[in-house]
Asks: 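Pasting a structure here, questions to come.
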Number of protein chains: 2
Amino acid sequence: MPKLVDHEERRAHIIDALLRAAANTGLHSVTMRSVAVEAGISVRLVQYYFDTKEQLLLAAMTRLTTRMGERIQHRLRGTGATPDPRAVIEAVLLEAVPTDEESRVFHLVHTEYAVLSVTDPALGGRPFLAAPDAMEAFLVTHLTAARDAGTADPDLDPRHEAVVLLAASAGLGLSVLLGQRTPEDATAVLRYHLGRVLPTRPATTQDGPPA
Amino acid sequence: MPKLVDHEERRAHIIDALLRAAANTGLHSVTMRSVAVEAGISVRLVQYYFDTKEQLLLAAMTRLTTRMGERIQHRLRGTGATPDPRAVIEAVLLEAVPTDEESRVFHLVHTEYAVLSVTDPALGGRPFLAAPDAMEAFLVTHLTAARDAGTADPDLDPRHEAVVLLAASAGLGLSVLLGQRTPEDATAVLRYHLGRVLPTRPATTQDGPPA
DNA sequence: GTTTTTGTGGTACAACCATACCACCAAGCG
DNA sequence: CGCTTGGTGGTATGGTTGTACCACAAAAAC
């Protein structure tokens, strides 16, 4: 039944199968065969849409980073038209904590790729450095703005704080993946820390339940 | 020349070869053959000292966690007889930042194991949760002591701060492994954050260069 | 209506893996 | 001295992997 299929759609379908398989049994265990089974198609078709395994892995990595960027953008839009700095920063950082199943799959496989990229030169670690660098710059900007606006301790160093925030959210996300912490706990810890860096009220006032 | 060899020594030698190989080309790529070559012995011998590959991997993991515990203990002893809380906490956390080659190998392979343990049930993720849990308890104890002694902000929540510290040091260590940050930068950031949680002087005084 | 082109299945193949097996050598022990 | 046992090399084997190859059906192009 060769009825002129949408290539991009088919490729996305196969990549999703790969991500599912990688999240279940590990990236190291994905084979052409296992991806084919997961996608419900024959091995030949996986070969047909991605000539080689390496290209398949590369395409999956690309989709992964793209999709994560989209998720962050989506969260940012969710903060409304005139969000305060803390809401923006919180939105960005909380994306690192896997809550729903999709984000768990994405972060797990993304982490597997990142670790793999350290030893595998063919993967070229650049994609794994570009995104965090952008995030860092983003956080520095907003932290500086908050400090200059007087909603943060004037003594804080925006760059250092940004790096700490990024590292903490990455570490928390990882601990959730490893099953050491619940997503709720990780979220609470992140909010706590953010509350100390960027108090919702000037530091002199006690904050009651903020509704 | 079968001259009654020391088994434990030989096993350690082989495990070290495995760790080196895993750090170079990835844990997924270690084979009986590659370990044998790295150790400079025949495949048969690897089989002889570790019956199966799974046992070899398990033994390597055990050695890894043991060795990391030793390194932390060593750092703690290095803080002297009556260390202040901040020195103790700093010593523990800085161990997560790979500086020398040995610690880089250990942390890289340890991370590979940790990620692998998420999907591979045979590895049993317990070892990767026990150590962080102990570290968390340790930090909570010392942070509480520091707070009660008045050397830390009385408003800080020791448990939350401990988790943040742990997550941040793990995240920083990972970013160093990925080549995003230098060990020096990661160390500086960690020290900065520690300085905000546990100021060396009461918060009212400015601290000059502490020599 | 024929002839490309596109999509698909099945299978073959060379490489590599973990592991089992066989042979042998040298030291310890009686 | 015999001979048992610990240490070693080499090789065979059964299974898995990525990929190349062959055949074929149906839509598109002419």
Side-chain angles (χ1 to χ4, degrees), chain A residues 1-62 109 112-113 116 119-123, chain B residues 1-22 24-61 109 112-113 116 119-123:
Chain A
M1 316 84 172
K3 31 179 301 196
L4 266 300
V5 101
D6 179 346
H7 269 228
E8 281 318 304
E9 180 188 332
R10 196 59 88 98
R11 286 167 62 93
H13 179 229
I14 295 176
I15 289 180
D16 283 346
L18 182 145
L19 297 180
R20 252 176 293 133
N24 280 333
T25 59
L27 188 58
H28 67 281
S29 82
V30 307
T31 72
M32 293 282 150
R33 283 162 175 81
S34 68
V35 171
V37 169
E38 180 76 32
I41 59 179
S42 81
V43 180
R44 181 65 184 84
L45 282 200
V46 182
Q47 263 187 291
Y48 184 72
Y49 290 100
F50 304 88
D51 250 39
T52 156
K53 183 184 182 182
E54 185 175 345
Q55 289 188 1
L56 172 58
L57 287 173
L58 245 45
M61 190 177 80
T62 301
V109 184
E112 290 178 319
Y113 265 107
L116 188 60
T119 54
D120 190 337
L123 238 56
Chain B
M1 316 88 170
K3 32 179 301 196
L4 266 299
V5 104
D6 179 344
H7 269 227
E8 281 318 304
E9 179 188 331
R10 196 59 88 96
R11 286 168 62 94
H13 179 231
I14 296 175
I15 289 181
D16 283 346
L18 182 145
L19 296 181
R20 251 175 293 132
N24 280 334
T25 59
L27 188 58
H28 67 280
S29 82
V30 308
T31 72
M32 293 282 149
R33 284 163 176 76
S34 66
V35 171
V37 168
E38 179 78 32
I41 58 179
S42 80
V43 180
R44 182 65 185 82
L45 282 200
V46 182
Q47 263 187 290
Y48 184 73
Y49 290 100
F50 304 88
D51 251 38
T52 157
K53 183 184 183 182
E54 184 175 344
Q55 289 189 0
L56 172 59
L57 287 173
L58 245 46
M61 190 178 79
V109 184
E112 290 179 319
Y113 266 108
L116 189 60
T119 54
D120 189 338
L123 238 57

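So that the names make sense, note that chain A is the first sequence line, chain B the second, and so on, each numbered from 1.
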Asks: What integer distance in Å separates B/Glu54:CD from C/dC17:P?
Replies: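 Going from B/Glu54 (CD) to C/dC17 (P), I get 18 Å.
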Asks: Counting just side-chain N and O atoms, does B/Tyr49 come under 4.0 Å of either OP1 or OP2 of D/dT8?
Replies: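 Checking D/dT8 against B/Tyr49, a side-chain N or O does come within under 4.0 Å of OP1 or OP2.
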Asks: It should be established whether A/His7 places a side-chain nitrogen or oxygen under 4.0 Å from OP1 or OP2 of nucleotide C/dG7.
Replies: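 Checking C/dG7 against A/His7, a side-chain N or O does come within under 4.0 Å of OP1 or OP2.
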Asks: Side chain to side chain contact (heavy atoms under 4.5 Å, CB included) between A/Ile14 and A/Ile41: does it pass, once the steps are laid out?
Replies: CA-CA 9 Å; A/Ile14 295 176; A/Ile41 59 179; 3.9 Å; yes
Asks: Can you check the B/Arg33 CZ to D/dG9 P distance for me, whole Å?
Replies: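 Whole-Å distance recorded here is 15 Å.
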Asks: Find the distance A/Asp51:CG to D/dG18:C1' and express it as a whole number of Å.
Replies: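 Atom CG in A/Asp51 sits about 12 Å away from atom C1' in D/dG18.
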Asks: What's the shortest heavy-atom distance between B/Ala122 and B/Asp120, and which atoms?
Replies: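 Nearest heavy atoms, B/Ala122 then B/Asp120: N-OD1, 2.9 Å.
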Asks: So which of residues 10-22 of chain A are in contact with DNA chain D, with a heavy-atom cut-off of under 4.0 Å?
Replies: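 None - not one residue of the stretch has a heavy atom sitting under 4.0 Å from the strand.
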Asks: For A/Met32 and C/dA15, give me the distance from atom CE to atom P, rounded to whole Å.
Replies: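 Taking CE of A/Met32 and P of C/dA15, I get 19 Å after rounding.
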Asks: Within the pair B/Thr52 and C/dT19, is there a side-chain N or O less than 4.0 Å away from OP1 or OP2?
Replies: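 Checking C/dT19 against B/Thr52, a side-chain N or O does come within under 4.0 Å of OP1 or OP2.
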Asks: So, the side chain of A/Arg11 versus the backbone of A/Tyr49: is there a donor-acceptor pair under 3.5 Å, distance only?
Replies: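 Between the backbone of A/Tyr49 and the side chain of A/Arg11 there is a qualifying donor-acceptor contact (under 3.5 Å).
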Asks: Do A/Met61 and A/Leu57 make a side-chain contact, defined as non-hydrogen atoms from C-beta onward lying under 4.5 Å apart?
Replies: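 Contact flag for A/Met61/A/Leu57 side chains = no.
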Asks: Send over the distance from A/Asp6 CG to C/dT6 C1', rounded to a whole Å.
Replies: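 Going from A/Asp6 (CG) to C/dT6 (C1'), I get 14 Å.
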Asks: So does B/Gln47 reach the base of C/dA18 with its side chain, donor to acceptor, closer than 3.5 Å?
Replies: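 When only heavy-atom distances are counted, B/Gln47 does not reach the base of C/dA18 through any donor-acceptor pair under 3.5 Å.
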Asks: Nearest to the B/Tyr48 side chain among C/dT19, D/dG7, C/dA18, which nucleotide is it?
Replies: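 Shortest atom-to-atom distance from the side chain points to D/dG7.
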Asks: Defining pairs by Watson-Crick or G-U wobble geometry with both distances under 3.5 Å, how would you list the stems of DNA chain D with at least three pairs each?
Replies: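 Correct response: C:1-30 with D:1-30.
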Asks: Keeping B/Ser34 on the side-chain end and B/Val30 on the backbone end, is there a donor-acceptor pair under 3.5 Å?
Replies: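 Such a contact is absent between B/Ser34 side chain and B/Val30 backbone.
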Asks: State the CG-OG1 distance between A/Leu27 and B/Thr119, to the nearest 0.5 angstrom.
Replies: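 Between atom CG of A/Leu27 and atom OG1 of B/Thr119 there are 9.0 Å.
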Asks: Could you pull out the closest heavy-atom pair between B/Met32 and B/Val46, with the gap in Å?
Replies: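 So the two residues come closest at SD-CG1, 3.9 Å.
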Asks: What I'd like to find out is whether the side chain of B/Val43 reaches to under 4.5 Å of the side chain of B/Val35, using heavy atoms alone.
Replies: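 Contact flag for B/Val43/B/Val35 side chains = no.
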Asks: Taking atom CD as the centre, does B/Gln55 end up with more than 12 heavy-atom neighbours from other residues, nucleotides or ligands that are less than 6.0 angstrom away?
Replies: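 It does: B/Gln55 CD has more than 12 such atoms within range.
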Asks: Decide yes or no for A/Ile15 and A/Leu19: does some side-chain heavy atom of the first lie under 4.5 Å from some side-chain heavy atom of the second?
Replies: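 Counting from C-beta outward, A/Ile15 and A/Leu19 do come under 4.5 Å.
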Asks: Would you please test B/Glu38 and B/Leu18 for side chain to side chain contact (heavy atoms under 4.5 Å, CB included) and show each step?
Replies: CA-CA 7 Å; B/Glu38 179 78 32; B/Leu18 182 145; over 6 Å; no
Asks: Could you go through the side chain to side chain contact (heavy atoms under 4.5 Å, CB included) check for B/His7 and B/Arg10 one step at a time?
Replies: CA-CA 5 Å; B/His7 269 227; B/Arg10 196 59 88 96; 5.7 Å; no
Asks: If I take atom NZ in residue B/Lys53 and atom P in nucleotide D/dG15, what distance separates them, rounded to the nearest angstrom?
Replies: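 Rounding to the nearest Å, NZ of B/Lys53 and P of D/dG15 are 18 Å apart.
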Asks: Can you pull out the residues from residues 34-46 of chain A that lie within a 4.0 Å heavy-atom distance of DNA chain C?
Replies: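 Only A/Ser42, A/Arg44, A/Leu45 qualify.
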Asks: For the pair made of CG in A/Leu56 and C1' in D/dT19, what is the distance, rounded to whole Å?
Replies: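 It works out to 14 Å between those atoms.
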